[in-house]
Amino acid sequence: SDLGVRTYIVQMAQTQQPVVFNSHQSWYESTFHAVKQMRHTQSVFAVNELDGILHTYSTVFQGFAARLTEAEAEAMRLRPGVMAAYPEQVRQLH
Amino acid sequence: TTHTPEFLGLNSSVATDLTEEAKYGEDVIIGVLDTGVWPERASFLDHKMGPIPARWLGGCADEESFSASLCNRKLIGAKYFAKGYEAATGPVNTTVEFKSARDGEGHGTHTASTAAGRMVSKASLLGFAEGVARGMASKARLAVYKVCWESGCYDSDILAAFDEAVADGVDVISLSVGGGVVPYYLDPIAIGAYGAMKKGVFVSCSAGNSGPGSLTVTNVAPWITTVAASTIDRSFPATVTLSGGDEFQGTSLYSGPDLGDSLHPLIYAVNASKAGVNAYSASLCLDGTLDPAKVKGRIVLCDRGSNARVAKGQVVKAAGALGMILANLPVDGEGLVADSHVLPATAVGAKAGAKIKDYILSTKSPKANILFRGTVYGVQPAPVISSFSSRGPNPETPEVLKPDITAPGVNILAAWTGAAAPTGLEGDNRTVEFNIISGTSMSCPHISGIAALLKGARPGWSPAMIKSAIMTSAYVVDNTGAPLADEATGNVSTPFAYGAGHVDPQRAMNPGLVYDLEVADYIKFLCALNYSQAAIRVIDPDVGACPTKIGSPSELNYPSFSTLFDQTGSSSAMLETTFSRTVTNVGPANSTYTVDVVGPKNVKITVSPSILEFTEENQKLHYTMKVSAPPVKLPPGTIGSAFGFVAWTDGIHVVQSPIVINW
């Protein structure tokens, strides 16, 4: 089930955060879990910390990074409040 | 670093001395996103430093391998970001690398100390480049954010570090890392740097080491200051002598017993392969390719490429050789990088390499020696644009010239980790306090430190003003008075290699005029790229709709000029473009500037008005520059380019910008 999983950087529209969430973090987690649940009939995600949200961004960028399959990333892009989801690159020292 | 402060004129004691006015950057905080730091190095001591600026919100993560108590009034932040790395590759192997801000590689310690290291006397690498080492802004505060690990630097971690650094309150971000060029909305470095710029943080990044080919420059967003690398007037010569008396100049940081006065048998590695190993692999001195019986007691000539330069030395030494000559191939040109080899060894350029190979082929018993001549100063010409430094045109937006600026990046001495040898090789057990390495990674923190000095001296300047000051005050002639040369060819270099030129920190403090840019200008630029609204909002979520009439990306009020004409071979009409620029007077209130333009043959460049009369400080005046060029038809896939300069001068300041015309 890990085949094709990559780290995606997901941008969220802060103005679209539903009032039911009292923090960006909880909104991001809800969005992330909703996508994962759509892909898995059983809740097999979040086996360890690195299967969940890796980073939450709030200063130069609004959103989070998480491990997703391409299909999950596509599903993520369709979620309310998600502006973009794109895979990360690996950089090298110059 | 040793010697680069002198080479950059930062040790002068004139009344307007940048370092004095900026208090050596004491009020400025530089964030270095890299491999971490070795905090015990003398470069990070905090003696005679005042209290940490009250606005600082950052701190140091307390880990087993990096106690928070190691931080001080100099090193005020130390954090690490590994979740992206671990998610991709598995947990950090703590037997191989430190899961903390501690630098096990050396690169981050080097870049941090280059930007802002304290003065350390008698610094050297095994006796080479000895002197007082200091960073460009020697009292600036340092906050290190470790984002690079064994297998690379992961975007999600880099973006997290940008996020944290800006929240912590850094003023300058230095990032000597890069990868492929992608649209800005898919590039977390561009996105992170934009968010930083929006909050007033100056971001400098390395241009890359993929030169001398064109279109190789990276980190090309216009809100980033992109830094190319050049030599300084210091070298580490190591001369190859052949039995016929021919001599070839090479370079080396080898420190140990030399090869004596006599000549030694010489063999080309291509003729020393082990049974069953192809000659090509042997020519590169790849691990396990050399036959000890053929190389024992000889000097081995290896071709550059594939494995690390210092690793070739290790292979040659393990096979029982006496020494090594490392020859550039034609693709490498004449650019040389000095290395602290584990056996007597020197690097030579492609021409010398070819001649030595000819000598080996044509001589029955070829013999050679290597003479190590230590550290030499006053080298001419200098600076020379390094062969490896990545070149324009800008692959993403050719209307914005990249790189922006050049700084010292060849054979730079700065602090080093205590966990790795100067070669970085596992079998090399030497430990050093300072190391000499090369790359645009090394030039970038020079600019970061200089930007910190400017920020300290001119706290009201925006990141774009600082960048403009650095660019328009740069010089394009070397220490012989000739145009800056290109190490790859030996010919005259171009703005595709050096951008606006070589940094001149003292002149950057008093640029006279600056090209300022605000967030709204960048948004217009993004609209002009025909990015979708969704794509633009990835970079700036606050942006509204683009105007119905969108301009050209070349209308950005940038301190350099670049235009792209279609190759219209069938038409005879002149091709034209008009740039519009606004300059802000940061010099004396009453200043009159006149324009001087140097354009390429057959290209007409007119500036209107040709005189700018300022009556107030911070007054803004506009001008336009019209470029008329003949149509050109070139073979498919070919870019033609021509270069010029525009300079405004009031008799004291010279505000110079490169002009690039691409067909």
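Chain letters run A, B, ... following the sequence lines, proteins first and then strands; every chain starts at 1.
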Taking atom [atom1] of [X] and atom [atom2] of [Y], what is their separation to the nearest 0.5 Å?
X        : Y        : atom1 : atom2 : answer
B/Asp155 : A/Tyr86  : CG    : OH    : 7.5 Å
A/Arg91  : B/Asn219 : CZ    : CG    : 7.0 Å
B/Lys83  : A/Arg67  : NZ    : CZ    : 14.5 Å
A/Gln92  : B/Thr218 : CD    : OG1   : 12.0 Å
A/His94  : B/Ser210 : NE2   : OG    : 6.5 Å
A/Phe61  : B/Leu159 : CZ    : CG    : 6.0 Å

Which heavy-atom pair separates [X] from [Y] by the least distance, and what is that distance?
X        : Y        : value
B/Gly152 : A/Val90  : CA-CG1, 4.0 Å
A/Ile9   : B/Pro188 : CD1-CG, 3.6 Å
A/Thr7   : B/Ala87  : OG1-CB, 4.3 Å
B/Asp163 : A/Val60  : OD1-N, 2.8 Å

Does any heavy atom of chain A fall under 4.5 Å from the side chain of [X], the backbone, both, or neither of them?
X        : value
B/Lys199 : side chain
B/Glu164 : neither
B/Asp540 : neither
B/Val147 : neither
B/Ile189 : both
B/Tyr185 : backbone
B/Ala229 : neither

What part of [X] is in contact with chain B, defined as an atom under 4.5 angstrom from a non-hydrogen atom: side chain, backbone, both or neither?
X       : result
A/Leu93 : both
A/Thr56 : backbone
A/Gln11 : side chain

Tell me, out of A/Ser58, A/Ala84, A/Ala65, who's got the most heavy-atom pairs with chain B below 4.5 Å.
A/Ser58
Out of [options], which one racks up the most heavy-atom pairs below 4.5 Å with chain A?
options                                : result
B/Cys153, B/Gly208, B/Ser441, B/Gly195 : B/Cys153
B/Asp34, B/Asp157, B/Ile158, B/Val201  : B/Asp157
B/Ala167, B/Gly178, B/Gly180, B/Cys205 : B/Gly178

Would the number of heavy atoms belonging to other residues, nucleotides or ligands and lying under 6.0 Å from CD of A/Glu70 be above 12?
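For A/Glu70, atom CD is not crowded (no more than 12 foreign heavy atoms under 6.0 Å).
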